[in-house]
Amino acid sequence: ALWLKKPEEEVTGVERFMAKFVVHGSGYGRGPKSVAEQFKISVSEAQMIQEAILGQFRQYNEWRRAERDFAWKNGYSVNAFGRRRYYLDVSQAEIERQAYNFRPQSEAHDILMRAHIAVNAKATSLHWDIHVVADIHDALLIELPEQTAPELAEQIKQVMQHDFLPGFHAPVGVKIGVDGGEVWKR
């Protein structure tokens, strides 16, 4: 609504979708040309829309600029845990695209891996009968006995709610099902 300068209740579904498309796509290097193709508008119109939407997020834009400039200067990006992503033999445009999504994606995965390690350590120390089968994007798929599932699931949730990255608290949800496919369908 802010980028359109109109009340939120007057924003159409297409306008809301466009804003989401621009904001989320910008994190993956999506620019005016891609926006123009998606919405069948001119590149100059797409540029104006993108600037109007992203202009509402000053800190986000500063962060993007800093990530891009660091990656261009150093040839790599680094996340809050110290993991580096090197850019070898790629264009500045590709470095920029990859730099924007490296930190959020790698930090989310590193947090999940720390939670995985913490769950395994707790399970070993308390002799829980569980098995972490897989990590899938931002979730752990864990096998455990059906009769103890609700109790153990709550204890696992408590372990996973630890702030693995100081200042960042990720909410943890739990789903219980007979098999992983059933859980992912919900």
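Keep in mind the model is a prediction, meaning the values are calculated, not measured.
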**OP:** Can you label the angle between the Phe21 ring and the Phe39 ring as parallel, tilted or perpendicular, going by 30° and 60°?
**Re:** perpendicular
Original post:
Would you say the side-chain atoms of Asn61 pair up with the backbone N or O of Leu54, donor to acceptor, closer than 3.5 Å?
Top reply: yes
How close do [X] and [Y] get, counting heavy atoms only, and between which atoms?
X	Y	result
Ala71	Ala99	CB-CB, 3.8 Å
Ser26	Gln50	CB-NE2, 4.5 Å
Leu165	Ala80	CD1-CB, 3.6 Å
Arg30	Ser34	NE-OG, 3.1 Å
Ala149	Leu144	CA-CD1, 3.3 Å
Trp128	Val159	CH2-CG2, 4.4 Å

Subject >> Donor + acceptor pair across side chains of Gln92, Glu96 (<3.5 Å) >> reply: no
**OP:** Return yes if a side-chain donor-acceptor contact under 3.5 Å exists between Thr148 and Glu151, otherwise no.
**Re:** no
Original post:
Under 4.0 Å between a Lys/Arg side-chain N and an Asp/Glu carboxylate O for Glu67 and Arg64?
Top reply: no
**OP:** Please say whether the positively charged group of Arg84, taken as NZ for Lys or CZ for Arg, lies over the ring of Tyr76, i.e. under 6.0 angstrom from the six-membered ring centre and within 45 degrees of the axis.
**Re:** yes
Any chance you could measure [X], atom [atom1], to [Y], atom [atom2], to the nearest 0.5 Å?
X	Y	atom1	atom2	answer
Leu140	Asn120	CG	CG	8.5 Å
Leu152	Gln147	CG	CD	9.5 Å
Arg103	Phe81	CZ	CZ	10.5 Å

Subject >> Residues in side chain to side chain donor-acceptor pair (under 3.5 Å) contact with Asp163, at least two apart in sequence or another chain >> reply: His169
**OP:** Report the residues that fulfil side chain to side chain contact (heavy atoms under 4.5 Å, CB included) with Phe164, sequence neighbours left out, ordered by chain and then residue number.
**Re:** Ile111, Arg114, Ala115, Ala118, His162
Original post:
How about Glu94 and Tyr87: do any of their side-chain heavy atoms sit closer than 4.5 Å?
Top reply: no
Original post:
Under 6.0 Å from the NZ atom of Lys20, do we count more than 12 heavy atoms belonging to anything else shown?
Top reply: no
